[in-house]
Amino acid sequence: MSTDFFIPDPEGQVPNAEGYFGAFGGKFIPEALVAAVDEVAAEYEKAKGDPAFAAELNDLLVHYTGRPSPLTEVKRFAEHAGGARIFLKREDLNHTGSHKINNVLGQALLTKRMGKTRVIAETGAGQHGVATATACALFGLDCTIYMGEVDTQRQALNVARMRMLGAEVIAVKSGSRTLKDAINEAFRDWVANVDSTHYLFGTVAGPHPFPALVRDFHRVIGVEARRQILERAGRLPDAICACVGGGSNAIGIFHAFLPDEDVRLVGLEAAGHGVESGEHAATLTAGEPGILHGSRSYVLQDEDGQITEPYSISAGLDYPGIGPEHSYLKDVGRAEYRPVTDDEAMRALRLLSRTEGIIPAIESAHALAGALDLGRELGPDGLLLVNLSGRGDKDMDTAARYFGLYDAPEGDAK
Amino acid sequence: MSGNIQLLNEALATAKAENRAALVGYLPAGFPSVDEGTAAAIAMVEGGCDIVEIGLPHSDPVLDGPVIQTADDIALRGGVKIVDVVRTVGEVHAATGAPVLCMTYWNPVDRHGAERFAEELADAGGAGCILPDLPVEESAGWRAAAERHGLATVFVVAPSSRDERLAKITAAGSGFVYAASLMGVTGTRASVGAQAADLVRRTRASTDLPVCVGLGVSNAEQAAEVAGFADGVIVGSAFVKRLLDAPDTQSGIAAVRGLAGELATGVRKR
């Protein structure tokens, strides 16, 4: 089996030594975490040069995760997208049900190399938490997952999965009680327990080296997809769609296509009830540069630099920040970012379910909604690649309430 | 108008001359309201604090434990703005003559503009700023603004800081060095970490700046213990807790004054 799944960015141009992607990134952390973050960076540099690390990770990606993930053409769905051809990169078929496992396995191996025995992580939708709890079970590591209280309720299935896997799940009750606050609480834990504990950060945000490190572990998505779509469609896609919360699945599929300048990279942000409503998580559409969770990037904030509370029906996208590389790609014009409302995403979720027999995560449904629009813009000659970052099992309670699928009186049909 | 870094240096020198540690008290602005927060900070000085830190509340206080998180939350829900924080600094300094620093996270200052914030803080009579999530490597812009406006830049060092980093950090700082007594967030602790004395010793090896110890100190006994090896004792959450636990603000302010008195006795028992 091929062993080229773990391929750190061969260009190596960004970030620079200080962790900057243009004006974004850096390392805005308290002194107490400097040694730990530097240790992660140093260990990752060593691991990158160690063939045994790549071999162990590649073996896990093939025999545990199930890579490569398939590329599925969705013809019936595409009839609703102006007739463009649409292929889905099926990260939902990975073990644990989303792309998150790619990064988690890489960082779990780093945790072992650093000799740490305990892992903490934040989670929004619960997919990163489930993947982390899974890897901790596999490697025999203690595991604590921080999750906003709002999210523990709307993603209760994933809370049960994490606990079944042996992780402790702590419901965070501060702030907006969502992903942002879970990250705050994980940082507080890390400061106090840094000797024994690795913070297994789940997205391409946070202080350097996390944005580059997490990206590298997800590059496999785009590396595979590029090869697969050339085989299947005979050419590169006109555009790639991926949802962005923190931005990990989007960077993962975008990155191998960065040199292909004719391929449009389109990130779909959660617009919640609409950007104009103020109830949204559309950071790149409505935010401004600031510092949140250790790096400079676009953030949703007020004029005093207070972070404003985001909103999305999707727990995984309900975040007022964004990975710094996305801010960079936006500002240099290499990627574009569009808002998708709750309603648009939920319509796309139902459409894919009913035309293709694939129930996507609500997060991924934002990318599908974007693809429907882009397909109509491109017309019948268009070719689209969509990252189906996760499966929708975890969202069935939210979807059932949204669409009124429960028997009365539980239903609350729209 | 220039900021009061000199006043801060003098307060620390006076304590040293009196063969005791300086007492530094922290309260966030706007808690429980802007005016009551100002009154409570004034009471800290009346009770015996030599130096005051006024917190600029932040929506995401990742280095604070539950006590200061709660206070920040109350202040922000009450609508506290940066202009109110600067006014609090000015009024506490004017009423007491004590040096007053601002402590906050970097994003509010960055968003407001480092130059603008330094100018406004100095104009209000502020003595300096503590920005615990702004590492020395990212601090050049802020330090230039602070220096232009006569403000101290107090850096935090931690038990995990290696000696070469201590040298780099203390070389960039002014006023004093804030030594975190333990690895963790703000909040009272049953005992102050044994790591604190070692950190102070290692920090002194790299700088002549006074070294003040914070995190976990809440009573006179701990203050006396820390005063045995440090130039200053920093107390925050214990003051905030007095206000949170009080049945009304007036008795809370009286409790703040009382705690400052106990701690002031402690720092003189080295």
Side-chain angles (χ1 to χ4, degrees), chain A residues 17-20 25-39 172-176 180-197 206-208 287-297 299-310 320-321, chain B residues 56-66 69-70 72-73 75-76 79-85 104-113 117 131-139 155-162 165-166 168-169 177-180 182-187 189 195 199 215:
Chain A
E18 286 75 43
Y20 276 92
K27 199 163 63 177
F28 293 86
I29 51 172
E31 176 59 22
L33 289 179
V34 167
V37 169
D38 286 352
E39 183 188 10
V172 177
K173 296 181 171 66
S174 57
S176 53
K180 160 180 91 80
D181 311 286
I183 295 176
N184 290 344
E185 207 57 35
F187 270 115
R188 292 181 186 119
D189 181 318
W190 203 23
V191 171
N193 299 295
V194 71
D195 283 346
S196 67
T197 301
H208 178 67
E288 291 183 65
I291 287 105
L292 175 65
H293 296 145
S295 53
R296 181 183 297 280
S297 195
V299 294
L300 297 175
Q301 59 180 332
D302 71 11
E303 74 281 3
D304 266 6
Q306 309 292 358
I307 308 305
T308 52
E309 295 193 357
Chain B
L56 190 170
H58 187 39
S59 53
D60 292 82
V62 293
L63 289 169
D64 286 300
Q69 283 179 48
T70 302
D72 275 12
D73 200 40
L76 290 170
V80 70
K81 308 294 283 183
I82 288 178
V83 62
D84 302 310
V85 178
T104 190
Y105 294 84
W106 175 234
N107 196 49
V109 177
D110 182 68
R111 177 81 167 141
H112 197 72
F117 186 76
L131 299 160
D133 66 339
L134 181 68
V136 64
E137 291 83 358
E138 298 279 359
S139 69
F155 282 102
V156 179
V157 297
S160 59
S161 304
R162 296 195 184 92
R165 270 197 73 79
L166 290 177
K168 186 176 179 182
I169 292 167
V177 181
Y178 188 130
L182 45 79
M183 298 295 287
V185 296
T186 60
R189 305 288 201 285
Q195 298 164 306
L199 176 59
L215 293 195

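By convention in this document, chain letters (A, B, ...) are assigned in the order of the sequence lines, proteins followed by strands, and residues within each chain are numbered from 1.
Of the atoms belonging to A:L292, it is side-chain heavy atoms, and not backbone ones, that fall under 4.5 Å from chain B. For B:D60, the parts sitting under 4.5 Å from any heavy atom of chain A are the backbone and the side chain alike. Heavy-atom distances place the backbone of A:I29, and not its side chain, under 4.5 Å from chain B. For a residue to count as touching a neighbouring chain, one of its non-hydrogen atoms must lie under 4.5 Å from one of that chain's; by this rule B:L182 does not touch chain A. In this structure, no portion of A:N193 lies under 4.5 Å from any heavy atom of chain B. With a 4.5 angstrom heavy-atom cutoff, B:L56 touches chain A only via side-chain atoms. Interface remark: A:E303 contributes backbone and side-chain atoms alike to the contact with chain B (heavy atom separation under 4.5 Å).
Nearest heavy-atom pair across B:M183 and A:V194 is CE-CG1, 3.5 Å. Here the shortest heavy-atom pairing between B:R111 and A:D304 reads CG-C, 4.1 Å. Nearest heavy atoms, A:A32 versus B:S160: O-OG, 3.3 Å. A pairwise comparison of heavy atoms in B:V157 and A:E31 identifies CA-CG, 4.0 Å as the closest pair. Considering every non-hydrogen atom in both A:D302 and B:K81, the closest pair reads OD2-NZ, 4.2 Å.
Side chain of A:Q306 to backbone of B:P57: a donor-acceptor contact under 3.5 angstrom is found. A donor-acceptor contact shorter than 3.5 Å links the side chain of B:N107 to the backbone of A:G305.
The CD atom of B:Q69 lies 13.0 Å from the NZ atom of A:K173; values are rounded to the nearest 0.5 Å.
Ranked by heavy-atom pairs under 4.5 Å with chain A, the list B:A180, B:A158, B:G184 is led by B:G184.
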Please determine whether side-chain contact (heavy atoms from CB on, under 4.5 Å) holds for the pair B:E137 and A:K27, giving the CA-CA distance in whole Å, both sets of side-chain angles, and the decisive distance to 0.1 Å. CA-CA 9 Å; B:E137 291 83 358; A:K27 199 163 63 177; 6.0 Å; no
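Contact annotation: the side chain of B:P61 approaches that of A:R188 to within less than 4.5 Å [non-hydrogen atoms, C-beta and beyond].
Using a 4.0 Å cut-off between charged side-chain N and carboxylate O, B:E138 and A:R296 make no salt bridge.
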